Amino acid sequence: MQTIVYRAKGNIYLNITNRCSAGCTYCVARLGGRVFGYDLRLTEEPPVEEILRELELEFLEGPANEVVFVGLGEPTMRLDVVLAVTEWLKLRRISSRLDTNGHGQLINPGHEVAAELAAAGLDAVSISLVAHNTEVYNQICRPVFSKAFRAVLKFAEDCIKEGIRTELTLVELPEVDIEACRSIAERMGAGFRVRPLISAGSEEVRH
Ligand code: SF4
């Protein structure tokens, strides 16, 4: 059986897609797809009904601090699913967070992604900044979109404007200027967090 819902660090995590608009050099998918001992490789993407059914079962095991869209891919590849599940959580007063590469608006050009997430009731977003400029960003993240770095910054600004608690994150790599990244987050009014480089199976995927 594939892992759609899993629990770690007091949170419940949702693995809704393995598809992604990037190919980061440090992605857990490249390390075998195991996170906290769970194999997150999906043979097929679960429909909303299956996700909600598994969530209900998981909550029978006890409460969680928050429910996090994270997966082994980019959750906004399935924006409709993220919105539907977020609404379900909001109705039940359960905190929700989206961990994303920030390409959501590029992936879903017909949508106002930040506004729609806010309207659905998303509480928080954690956006992978990756690097301090376009050149280093493209080297590490290898996005399918040519203007992805600018789009990530814009998406973060949009989320802040919409009142979603917003944090920029990055993985500690020698080519990344961490202080310059911190300044970007501060100027924007976003939170900021540096993550150590993960090893296979030891950490959650957070882009
Ligand atoms: S954005 Fe996340 S899921 Fe996509 S390649 Fe990078 S680390 Fe992997």
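All heavy atoms count here, side chains included; hydrogens, waters and symmetry mates do not. Predicted model only: the values in this text are computed from it and were never measured. For ligands, and for the atoms within them, numbers begin at 1 and follow the listed sequence.
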With side chain to side chain contact (heavy atoms under 4.5 Å, CB included) as the test, pick out the partner of E50 among I16, I4, V5. I4
Between R195 and E172, does at least one N-O distance fall below 4.0 Å, as a salt bridge requires? no
Please determine whether a side-chain nitrogen of the Lys or Arg among R97 and D99 lies less than 4.0 Å from a carboxylate oxygen of the Asp or Glu. yes
Any idea which part of V28 is under 4.0 Å from ligand 1, heavy-atom wise: side chain, backbone, both or neither? neither
Under 4.0 Å from one or more heavy atoms of A22, ligand 1 contributes atoms 5 (S)
Could you tell me, atom by atom, which parts of ligand 1 come under 4.0 Å of a heavy atom of N101? 1 (S)
Count the heavy atoms of every other residue, nucleotide or ligand shown that sit under 6.0 Å from CZ of R19, and state whether that count exceeds 12. yes
With respect to atom 4 (Fe) of ligand 1, please indicate if C20 possesses an N, O or S atom at a distance under 2.8 Å. yes
d(L42 CG, T3 OG1) to nearest 0.5 Å is 8.5 Å
With heavy-atom distances below 4.0 Å as the criterion, list the atoms of ligand 1 near L72. 3 (S)
